[in-house]
Structures are given as C-alpha cells and as structure tokens.
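One structure, pasted below without further comment.
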2 protein chains.
Amino acid sequence: MSTENENTVVPLSKRKIACKDCSLFQICLPVGINGEELERLEQIIQRRRPVKRGDHLYHGGDPFRSIYAVRSGSIKSYVPTESGNEQVTGFHLPGELLGLDAINNRIHPCSAKALETTSVCEIPYDQFELLSNELPVLHRQLIMLMSKEIFEEETHTLLLGKKSAEERLAAYLFSISSRYHRRGFSASEFYLSMSRNDIGNYLGLAVETVSRMFTRFQEDGLLSVERKHIIIHDLERLKLMAGAVPGKCGEQFFCLGSS
Amino acid sequence: MSTENENTVVPLSKRKIACKDCSLFQICLPVGINGEELERLEQIIQRRRPVKRGDHLYHGGDPFRSIYAVRSGSIKSYVPTESGNEQVTGFHLPGELLGLDAINNRIHPCSAKALETTSVCEIPYDQFELLSNELPVLHRQLIMLMSKEIFEEETHTLLLGKKSAEERLAAYLFSISSRYHRRGFSASEFYLSMSRNDIGNYLGLAVETVSRMFTRFQEDGLLSVERKHIIIHDLERLKLMAGAVPGKCGEQFFCLGSS
DNA sequence: AAATATAATTGATATTTGTCATTTTTTGAT
DNA sequence: ATCAAAAAATGACAAATATCAATTATATTT
C-alpha cells in the first residue's frame with residue numbers, strides 16, 4: 001500500500017514504477033516480450049490513483065474503454081440483475097485482469113467494485129489495439145490470458161454444478177490460497193477481503209451456509225478463522241475436500257493455479 | 001446434412017465450399033475482413049469429414065492443436081472428473097467455436113463429443129498464429145469471440161448461482177431458441193440434440209427434475225414437447241420465466257443473443 | 001467514546017430438489 | 001420384426017440447503 005503521489009491519471013513515464021520493476025511483471029507478461037516492446041506498452045498504460053473500498057472501476061452498462069490489471073488490493077466483479085440482486089462472478093487479486101468480458105460488446109456487462117483500497121493499471125483498449133498491430137505478441141498474450149479466464153470459468157461452472165456446500169468453500173479457500181501463494185504471499189495464512197455475503201453469492205450458497213461451513217471447518221481443525229483472518233492448518237486436506245478438479249489433475253496433465 | 005465426399009482431411013482449396021459461400025460466414029467472421037485476407041485464412045482452414053454421433057473431436061488431456069467451428073450438427077463440451085462423472089460446460093451449435101479454453105495451457109481441459117453427425121472447420125492454431133502476425137484482424141476477431149464466450153460463461157454462472165429449476169430450463173430453452181433463430185431457423189420449433197441427462201448436467205439439475213419441468217411446461221401450455229421435438233407456444237412468456245438477464249437487459253444496453 | 005448500522009453467527013423450520021424405485025417409451029442391434 | 005438396452009417419465013421419500021428469526025460481534029459515524 002505504498003502511497004505514491006495521488007493525483008488523477010498520470011502517464012507512467014512520469015512515475016517511478018515501470019512494468020519491468022513491478023512485482024507483477026511475470027504474471028502480467030509471462031512470455032516473450034522484449035525490452036523495447038515493453039517500453040512501448042508502458043507508454044500507453046495509465047496508473048490511476050488508488051480506488052477506495054466501495055468505489056467502482058466501472059458499472060454494468062458503462063461503455064468499455066479499458067481493461068485493468070490489479071496491482072494491489074482486490075476487486076469484485078458482479079452482474080447486477082433487474083431485481084436489484086447481484087451475482088458475483090469473480091474476485092480479482094493482484095496480477096489479475098478484469099474487463100475482458102466487455103471487449104465484444106464494447107459495454108461492460110459487469111460492475112467492478114473495490115473490496116479495499118486498490119491500485120490498478122489501466123490499459124486503454126483502443127491504444128492497445130493500435131499498438132498490437134505492430135506488436136502481435138501483445139494480442140497473443142491477451143489471447144492466452146483470455147483462454148485462461150475461460151478455463152477458470154469452466155472450473156467455476158464445475159463447482160456450481162456439481163459440488164456440495166463443503167466442497168465449494170474448500171475449493172474457494174484453496175483457490176485464494178494458491179493465488180496468494182503464486183504472488184509470493186503465504187499459502188496458509190491470509191486475510192479475505194470479501195464479506196461472507198460475497199463469498200456465498202459467488203459460491204451459490206446462502207450466507208448462513210457459508211458461516212456454518214467456516215464453523216465446521218474450524219471445529220474439524222482444518223483451519224482457524226477469525227472474521228476475515230484465515231489460517232489453514234492442513235492445506236493438503238483442504239485440497240482433497242475441494243473435490244473434483246478439471247482433468248482429474250493428479251498431476252496428470254495440469255493443476256489449478258499453475259501458470 | 002449435405003453429404004459431400006467423405007474423406008479424411010482435405011485442404012479447403014480442393015473443395016467447393018469456401019468461407020465466403022458458407023452460410024455461417026457472417027457469424028464466424030462478422031467484422032472487417034476483406035477478400036484477400038479471407039482467402040489466406042481459407043488456405044489454412046481444414047474441413048474434415050463429418051464426425052459421427054458419439055465421436056470425440058478431442059478428449060480432456062489431449063494436446064491442443066486446433067480450434068474448431070461447428071458447420072452443422074452439434075457438439076457437447078464437458079469436463080471429465082476423476083470420479084468418472086462429467087460436468088457439461090457447453091453445447092456448440094452451428095457457427096460457434098470450441099477449444100478456446102485450451103490455448104493457454106496447450107492442453108484441452110474439456111472433451112468434445114458430437115451429439116449427432118457433425119461437420120466442423122478445423123483451424124490449426126500454429127498456422128493461425130503465423131497468419132495473424134500479418135493480419136492482425138484475425139487476432140482481433142478471435143479476441144472478440146473469446147470476450148463473448150467469457151460473457152456467456154458469466155451468464156451461465158448467473159444461472160447456476162441464482163436460478164430455480166424452472167428458470168434454468170426456461171433460460172436454456174430460450175437460449176437454444178435464440179441461437180437457432182440467429183442461424184435462420186425457427187425460434188419456436190426445433191429438435192434438441194442433447195439428452196435430458198446432458199441438459200440436467202449442464203443446468204446443475206437431476207434428470208428427473210428436468211423431466212418434471214418439461215411436463216409442467218407442457219401442462220401450462222407454454223410448449224409442446226415430444227421427446228426431443230420442441231414447439232414453443234409462447235416465447236415471450238418463456239423469456240420472462242427465464243428471469244434475470246445480465247445487465248437488466250430490457251433493451252437497456254444489450255440483449256442475450258444479439259451479435 | 002457512545003451510538004448506530006452492518007456483518008456474522010446460530011438455531012429452528014420450510015422448501016426445493018435430489019435420490020431411489022418403478023414403469024413406460026424409444027432406440028439400436030441381431 | 002423381435003429383443004435388449006438405453007432414455008425418459010412418474011411417484012414416494014430423504015436430504016441438503018434456504019429461509020426466517022434472533023443474537024452477538026464488529027465497523028462506522030458523530
């Protein structure tokens with residue numbers, strides 16, 4: 001949560017932090033981008049001042065202008081429905097993108113709300129498109145990330161379609177753990193930035209069911225939970241409880257959370 | 001079901017049917033591709049002999065080589081799970097793509113099985129990538145289609161997370177109807193190529209529940225169903241029964257099924 | 001710091017949908 | 001055409017989870 005100077009949109013070049021110095025570098029841009037290409041990409045990336053908890057990056061229905069990468073903090077994506085309800089469609093942790101569902105229609109189908117003070121990189125899509133004409137590697141990278149997103153949505157479909165409440169929460173916690181771990185944080189101890197309500201919504205469960213499951217997990221000695229602070233005591237067991245994983249995993253051909 | 005000469009892989013150039021003559025042209029390639037570009041794309045597209053009902057296009061775990069577009073017939077995508085179960089993740093009707101979830105890992109996370117005799121266009125991905133270096137419009141088009149797929153997965157998440165059995169089946173039938181309609185077929189009368197089992201699996205419901213819902217819909221005069229043959233008597237009511245749609249729809253900013 | 005609002009937990013009960021068992025219908029094979 | 005196997009429909013019942021209500025804990029505001 002480094003509070004750099006907090007102004008409105010400032011070109012990256014005017015700031016100290018460049019992609020190549022960013023801790024998310026290898027997550028955002030894992031493959032074959034060279035120094036010169038990176039520099040040109042950086043020139044179009046905008047770093048905005050951090051958004052505060054509860055603020056929206058965009059609302060469902062807004063015109064699409066940019067895709068975003070989370071630098072720090074976390075974002076919740078949700079589909080607002082007519083009845084005033086919402087369906088949470090995902091949580092975005094550092095190094096993850098959002099807004100990819102809006103490219104086709106040029107309108108955001110989802111809203112994106114900060115769960116805590118959050119910094120994002122904004123990539124204006126028109127400029128990205130122009131630059132990609134010269135640097136096909138950018139398109140290629142985006143396609144990879146979108147493919148990954150599609151796969152992850154399928155994993156979530158599997159969860160919603162086939163898993164019990166217990167399996168859902170276990171899978172959820174395991175996923176969060178893996179993603180933090182990948183970012184260099186502890187896999188066994190972390191703070192959940194989202195409410196029980198959001199978790200339940202995302203997992204297709206009532207809040208009360210989520211609460212009860214947390215209680216049960218704690219009674220079983222699987223983890224300690226105190227409000228949003230989670231300590232996993234047995235990651236292996238958590239993984240087992242999460243049940244089915246696409247492709248039978250078992251190291252057969254790939255694993256959730258691998259890049 | 002035009003039974004052309006049924007051999008193994010034959011370059012498109014050797015055949016009579018070109019993309020520009022294909023009835024799916026505007027669905028596969030809706031935007032800004034000119035004649036010359038199209039011709040170069042056609043040169044890499046392979047038309048294989050139709051796959052028979054029950055045959056697989058690929059299995060989960062297979063190395064990724066191509067993406068596919070359905071020309072006629074239908075394909076079921078499913079995630080095989082360790083327990084021998086499966087989770088159906090989607091049905092692909094004419095004009096729709098599959099295999100996009102495998103680009104990132106270069107391994108198919110899903111299996112794809114023909115529900116009836118089905119013709120597909122195969123687009124070898126390496127060649128597509130090479131060609132895209134010269135024709136960025138191809139990448140752009142793929143990104144659009146992937147964005148749309150991500151959006152559709154979110155719609156499915158909304159269905160699995162928030163809807164009752166009745167709403168699920170109504171939403172499903174409305175989706176199928178819209179997709180056929182878009183392809184120029186009747187919106188109110190069609191044959192379902194998938195079993196009740198597959199439908200239930202896809203919707204996160206037991207087969208029996210699907211059966212009962214069909215019966216109820218018929219008793220309500222909403223539709224006539226005879227095995228796989230469906231006649232919708234009141235499309236508007238079906239749409240209403242389907243409930244929540246991303247973005248409040250109501251023509252506010254977009255509608256399911258619009259391109 | 002007190003007061004108020006919000007979030008989380010817990011218990012009791014209701015409801016939807018799943019499971020099991022059976023019958024009927026349809027499809028495919030010999 | 002007959003038989004066997006698979007798919008679909010229907011009924012009875014069970015179970016998981018949602019809903020409702022109440023309590024407790026935690027944040028937020030003044």
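Chain A is the first sequence line, chain B the second, and so forth, proteins listed ahead of strands; every chain is numbered from 1. These values consider heavy atoms only, across backbone and side chains, with no hydrogens, waters or symmetry-generated copies.
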For this session: Report which part of the nucleic acid S195(B) touches: base, sugar-phosphate, or nothing (heavy-atom distance under 4.0 Å, all strands).
Result: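 Sugar-phosphate only.
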
For this session: Can you run down the salt bridge (charged side-chain N to carboxylate O under 4.0 Å, His left out) pairs that involve residues 159-179 of chain B, sequence neighbours left out, and say none if there aren't any?
Result: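 Those involving residues 159-179 of chain B are E96(B)-R179(B), E166(B)-R216(B).
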
Exercise. Does the R196(B) side chain pair with the main chain of R227(B), one donor and one acceptor, at a distance under 3.5 Å?
Worked result: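 Yes: the side chain of R196(B) pairs with the backbone of R227(B).
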
Exercise. Which pairs with one or both residues in residues 199-230 of chain B pass ring-ring contact (aromatic ring centres under 6.0 Å, His included), sequence neighbours excluded?
Worked result: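 Applying ring-ring contact (aromatic ring centres under 6.0 Å, His included) to every pair that reaches into residues 199-230 of chain B, excluding sequence neighbours, yields F91(B)-Y202(B), H156(B)-Y202(B), Y172(B)-Y202(B), Y191(B)-H229(B).
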
Problem set entry | More than 12 heavy atoms from other groups under 6.0 Å of CZ on R65(B) |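 Not buried by this count: 12 neighbours or fewer within 6.0 Å.
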
Exercise. Looking at five pairs on each end of the helix from dA1(C)-dT30(D) to dT30(C)-dA1(D), what is the angle between the two axes, given to 10 degrees?
Worked result: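 Taking the rotation axis at each end, their angle is 60°.
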
Exercise. For Q218(B) and dA8(D), what is the distance between atoms CD and P respectively, to the nearest whole Å?
Worked result: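 Taking atom P of dA8(D) as the reference, CD of Q218(B) is at 15 Å.
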
For this session: Might you confirm whether atom NZ of K52(B) has over 12 heavy atoms from other residues, nucleotides or ligands at distances under 6.0 Å?
Result: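 Atom NZ in K52(B) is not packed in, count stays at 12 or less.
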
Exercise. Is it true that a side-chain atom of S77(A) and a backbone atom of T89(A) form a donor plus acceptor pair closer than 3.5 Å?
Worked result: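 Looks like no, no N/O pair under 3.5 Å.
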
Problem set entry | side-chain contact (heavy atoms from CB on, under 4.5 Å) partners for V51(A), two or more places apart |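 Result, side-chain contact (heavy atoms from CB on, under 4.5 Å) vs V51(A): R48(A), D55(A), L57(A), A114(A), T118(A).
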
For this session: Report the relative orientation of the aromatic rings in Y58(B) and H108(B); use parallel for angles under 30°, tilted for 30 to 60°, perpendicular for over 60°.
Result: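 Taking H108(B) first and then Y58(B), their aromatic rings lie parallel (interplane angle under 30°).
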
Exercise. From the 5' end of DNA chain C to its 3' end, which nucleotides mark the outer limits of contact with chain A, defined by a 4.0 Å heavy-atom distance cut-off (strictly under)?
Worked result: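 The footprint of chain A covers dA7(C) to dA12(C).
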
For this session: Scan nucleotides 14-26 of chain D nucleotide by nucleotide, 5' to 3', and note B when protein non-hydrogen atoms come under 4.0 Å of the base, S if they reach only the sugar-phosphate, - if neither.
Result: ---SSBB-----S

For this session: Spell out, as yes or no, whether a donor-acceptor pair under 3.5 Å connects the side chain of S177(B) to the backbone of A187(B).
Result: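 Looks like yes, one N/O pair under 3.5 Å.
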
Exercise. Please give, in whole Å, the distance from dA8(D) P to M194(B) CE?
Worked result: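 Spelled out: CE on M194(B) to P on dA8(D) is 11 Å.
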
For this session: Measure from the side-chain N and O atoms of S175(B) to the backbone N and O of A171(B), and report whether any donor-acceptor pair falls under 3.5 Å.
Result: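 A pair under 3.5 Å: no.
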
